[in-house]
J.: 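My questions will all concern the structure given below.
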Amino acid sequence: MKTSARNCFAGSVSRVTQGAVNDEVELTLPGGQGIVAIITRASSEALGLKEGAKAFALVKASSVIILTDTSGARFSARNLLAGTVAQVREGAVNAEVDIELPGGDTVVAIITMESCRRLALRAGQAATAMIKASSVIIGVPA
């Protein structure tokens with residue numbers, strides 16, 4: 001599979017909660033963290049999603065928000081993937097930030113240089129990637 005989405009997380013379906021229109025699908029990643037997606041029920045059925053099924057989650061790098069301090073904060077976004085900044089590539093306008101997760105997955109985020117400076121992002125720093133469940137696309141192996 002080839003895709004323009006910078007983030008592709010392979011995992012197993014750990015839960016499917018069916019709704020009238022949308023389903024909530026949770027994948028467990030190799031490092032034990034979960035990623036939740038909200039997809040249409042028709043898509044869930046067409047993909048044959050059920051507990052234990054192999055699946056993957058796609059997320060555009062521009063849909064990832066980076067947090068460096070979550071103490072006491074509460075968010076409506078369902079996905080908080082904690083890890084360590086592996087690399088920061090600075091550009092004129094944006095920065096590309098890689099966050100390594102337990103288990104070996106990496107989350108890539110594209111953020112503004114202003115945000116990168118304000119957060120003082122650097123390799124080795126603890127960081128959390130925040131992703132709305134509605135920004136996650138689910139696929140299954142062909």
Side-chain angles (χ1 to χ4, degrees), residues 1-91 93-121 123-142:
M1 172 183 70
K2 291 183 179 182
T3 176
S4 66
R6 296 297 307 278
N7 298 295
C8 182
F9 306 103
S12 296
V13 176
S14 51
R15 185 175 49 83
V16 177
T17 304
Q18 293 184 333
V21 176
N22 290 324
D23 286 358
E24 184 178 90
V25 179
E26 184 171 352
L27 298 183
T28 299
L29 305 179
Q33 294 192 51
I35 188 162
V36 176
I38 301 294
I39 64 172
T40 64
R41 181 144 191 216
S43 292
S44 182
E45 290 173 354
L47 293 171
L49 296 176
K50 60 183 180 202
E51 248 182 75
K54 297 294 181 200
F56 55 86
L58 298 172
V59 180
K60 290 179 57 87
S62 58
S63 295
V64 178
I65 298 167
I66 296 178
L67 309 166
T68 56
D69 181 9
T70 59
S71 59
R74 296 189 303 178
F75 304 97
S76 63
R78 295 291 305 276
N79 299 299
L80 296 173
L81 303 171
T84 303
V85 175
Q87 185 174 7
V88 178
R89 288 176 294 289
E90 296 182 356
V93 176
N94 290 345
E96 185 176 79
V97 181
D98 296 354
I99 300 173
E100 188 174 316
L101 303 177
D105 279 321
T106 299
V107 180
V108 179
I110 299 294
I111 63 171
T112 65
M113 280 304 302
E114 175 61 29
S115 293
C116 187
R117 283 190 284 272
R118 189 170 29 84
L119 294 172
L121 293 173
Q125 175 182 9
T128 299
M130 182 168 62
I131 305 164
K132 291 179 56 91
S134 58
S135 296
V136 179
I137 296 169
I138 297 292
V140 295

J.: Indicate yes or no: at least one non-hydrogen side-chain atom of Phe75 is less than 4.5 angstrom from one of Leu67.
T.: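 Yes, their side chains come closer than 4.5 Å.
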J.: Measure the shortest side-chain to side-chain distance between Asp105 and Pro30 over non-hydrogen atoms and say whether it is less than 4.5 angstrom.
T.: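 Heavy-atom side-chain distance check passes, below 4.5 Å.
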J.: Side-chain contact test, heavy atoms from C-beta onward, threshold under 4.5 Å: evaluate it for Arg15 versus Glu24 and give yes or no.
T.: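 Yes, close enough: below the 4.5 Å cut-off.
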J.: Minimum heavy-atom separation for Gly91 and Met113, please, with both atom names.
T.: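 Result for this residue pair: O-CG, 3.2 Å.
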J.: Would you confirm whether Asn79, through its side chain, and Val36, through its main-chain N or O, come within 3.5 Å as a donor-acceptor pair?
T.: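 Indeed, once roles are kept as given, a pair shorter than 3.5 Å links the two residues.
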J.: Shortest non-hydrogen contact from Ala86 to Ala123?
T.: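 Here Ala86 and Ala123 meet closest at O-CB, 3.7 Å.
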J.: With rounding to the nearest 0.5 Å, note down the distance linking CE in Met130 to OG1 in Thr70.
T.: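 Here the rounded value is 10.0 Å.
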J.: On a heavy-atom basis, which atom in Ala10 and which in Leu29 lie closest, and how many Å separate them?
T.: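 Taking every non-hydrogen atom into account, O-CD2, 3.8 Å.
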J.: With the side chain counted from C-beta on, respond yes when Ile66 and Leu121 share a heavy-atom pair under 4.5 Å apart, and no when they do not.
T.: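 In contact.
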J.: Locate the shortest heavy-atom distance separating Ala129 from Val64; write the atom from each residue and the value.
T.: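 Residues Ala129 and Val64, closest heavy atoms: CB-CG1, 3.7 Å.
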J.: Would you give the length of the straight line joining atom CG of Asn7 to atom CG of Asp98, rounded to the nearest 0.5 angstrom?
T.: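 One gets 9.0 Å once the value is rounded to the nearest 0.5 Å.
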J.: What distance do Phe9 atom CZ and Thr28 atom OG1 have between them, rounded to the nearest 0.5 Å?
T.: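 Here the interatomic distance stands at 13.5 Å.
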J.: Distance check, rounded to the nearest 0.5 Å: Glu45 atom CD versus Arg41 atom CZ?
T.: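 Glu45 atom CD to Arg41 atom CZ measures 5.0 Å (nearest 0.5 Å).
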J.: Any non-hydrogen side-chain atom of Val107 less than 4.5 Å from a side-chain atom of Val59?
T.: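 No, their side chains stay 4.5 Å or more apart.
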J.: Heavy atoms, side chains only, cut-off 4.5 Å: are Val13 and Lys50 in contact?
T.: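 Val13 does not reach Lys50 side chain to side chain.
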J.: Mind checking the CG-CD spacing from Leu119 to Glu114? Nearest 0.5 Å is all I need.
T.: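 The CD atom of Glu114 is 9.5 Å from CG of Leu119, to the nearest 0.5 Å.
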J.: What are the two closest non-hydrogen atoms of Cys116 and Glu90, and how far apart are they?
T.: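 Taking every non-hydrogen atom into account, SG-OE2, 4.4 Å.
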J.: Between Arg118 and Ser115, do the side chains contain a donor N or O and an acceptor N or O under 3.5 Å apart?
T.: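 Side-chain D/A pair, Ser115 to Arg118: present.
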J.: Measure the shortest side-chain to side-chain distance between Pro102 and Gln33 over non-hydrogen atoms and say whether it is less than 4.5 angstrom.
T.: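 Sidechains of Gln33 and Pro102: in contact.
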J.: Out of curiosity, Thr128 OG1 to Leu81 CG, how far, rounded to the nearest 0.5 Å?
T.: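 Rounded to the nearest 0.5 Å, the OG1-CG separation comes to 8.5 Å.
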J.: Identify the residue among Lys54, Glu51, Glu26 that makes a side chain to side chain contact (heavy atoms under 4.5 Å, CB included) with Ser12.
T.: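 The passing option is Lys54.
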J.: State, yes or no, whether a side-chain contact exists between Ile39 and Leu49 at a heavy-atom distance under 4.5 Å.
T.: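 Side chain of Ile39 against side chain of Leu49, heavy atoms only: contact under 4.5 Å found.
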